[in-house]
Asks: 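Here you go, one structure.
Counting begins at 1 with the first residue of the sequence.
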Amino acid sequence: MVSFEEFPISTSNYVPGYKVVEVKGFVYGLTVRARGLGGDIGAGLKGILGGEIKQYVTMMEDSRDESVQRCIEHAKDLGANAIISLRMDSDSISQNMQEVLAYGTAVVIEKKEDNERVF
């Protein structure tokens with residue numbers, strides 16, 4: 001997992017303390033995961049009894065992490081050192097498959113000067 005210090009990511013249109021010096025373009029990372037039979041059985045029981053379905057939570061967390069990592073790799077391939085305006089989307093592909101997409105704008109950023117305003 002890449003840390004924020006190694007590769008800044010922001011859901012806003014800027015990274016606080018930095019200025020965008022070049023826009024590299026649109027980037028995305030996509031993954032598709034299938035629920036296993038065990039997860040479906042557990043989910044069915046939880047659906048009857050109520051409560052959080054931990055297998056699905058773990059699957060979706062892993063999917064989001066993987067899609068963001070793929071988005072970072074896409075941005076690096078373009079020569080970017082950050083991503084701004086990151087968004088996430090998720091949808092069912094079939095009865096037991098889930099798609100997770102991370103997308104944003106790959107940019108090159110530089111640390112701003114103390115007296116420089118950036119917005």
Asks: Please report the interatomic distance NZ(K24) to CG(D77), rounded to the nearest 0.5 Å.
Replies: 12.0 Å
Asks: If you look at every heavy atom in M88 and A102, which pair is closest and at what distance?
Replies: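 Looking at all heavy atoms of both residues, the closest pair is SD-CB, 3.5 Å.
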Asks: Please give me the minimum heavy-atom distance between S63 and T31, naming the atom from each residue.
Replies: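 Closest approach of S63 to T31, heavy atoms only: O-CG2, 3.3 Å.
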Asks: Please give me the minimum heavy-atom distance between M60 and S90, naming the atom from each residue.
Replies: CE-OG, 3.5 Å
Asks: Once you round to the nearest 0.5 Å, how far does OG of S67 lie from NE2 of H74?
Replies: 14.0 Å
Asks: Distance under 6.0 Å and angle within 45° of the ring axis: does K112 meet both against Y18?
Replies: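 Not flagged: K112 not positioned over aromatic ring of Y18.
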Asks: Other than L101, which residues form its hydrophobic cluster under the rule that side-chain heavy atoms must be closer than 4.5 Å?
Replies: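 Noted: L101 shares its cluster with F26, Y28, L30, Y103.
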Asks: Sort out for me which residue in T105, V107, V15 forms a side chain to side chain contact (heavy atoms under 4.5 Å, CB included) with V20.
Replies: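 Only one option passes, and that is V107.
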Asks: Please write out which residues are connected to V108 in a hydrophobic cluster, directly or through intermediates, given that two of Ile, Leu, Val, Met, Phe, Trp, Tyr count as joined at side-chain heavy-atom separations below 4.5 angstrom.
Replies: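 Besides V108, the hydrophobic cluster comprises V21, listed by chain and residue number.
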Asks: R64: which residues meet the side chain to side chain donor-acceptor pair (under 3.5 Å) condition with it, sequence neighbours left out?
Replies: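 Expected list: none.
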Asks: Got a sec, which hydrophobics cluster with I93, joining ILVMFWY side chains under 4.5 Å apart, including via others?
Replies: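 In the cluster with I93 are V32, M97.
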Asks: Residues in salt bridge (charged side-chain N to carboxylate O under 4.0 Å, His left out) with E110, at least two apart?
Replies: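 Residues passing salt bridge (charged side-chain N to carboxylate O under 4.0 Å, His left out) with E110: none at all.
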Asks: For G104 and C71, work out which heavy atoms get closest and say how close.
Replies: N-SG, 4.4 Å
Asks: When rounded to the nearest 0.5 angstrom, what is the spacing between CD in E22 and CD1 in I109?
Replies: 12.5 Å
Asks: Mind checking the CZ-CD1 spacing from F7 to I83? Nearest 0.5 Å is all I need.
Replies: 4.5 Å
Asks: The criterion is side chain to side chain donor-acceptor pair (under 3.5 Å); which residues satisfy it with S85, sequence neighbours excluded?
Replies: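 Side chain to side chain donor-acceptor pair (under 3.5 Å) list for S85, sorted by chain: N13.
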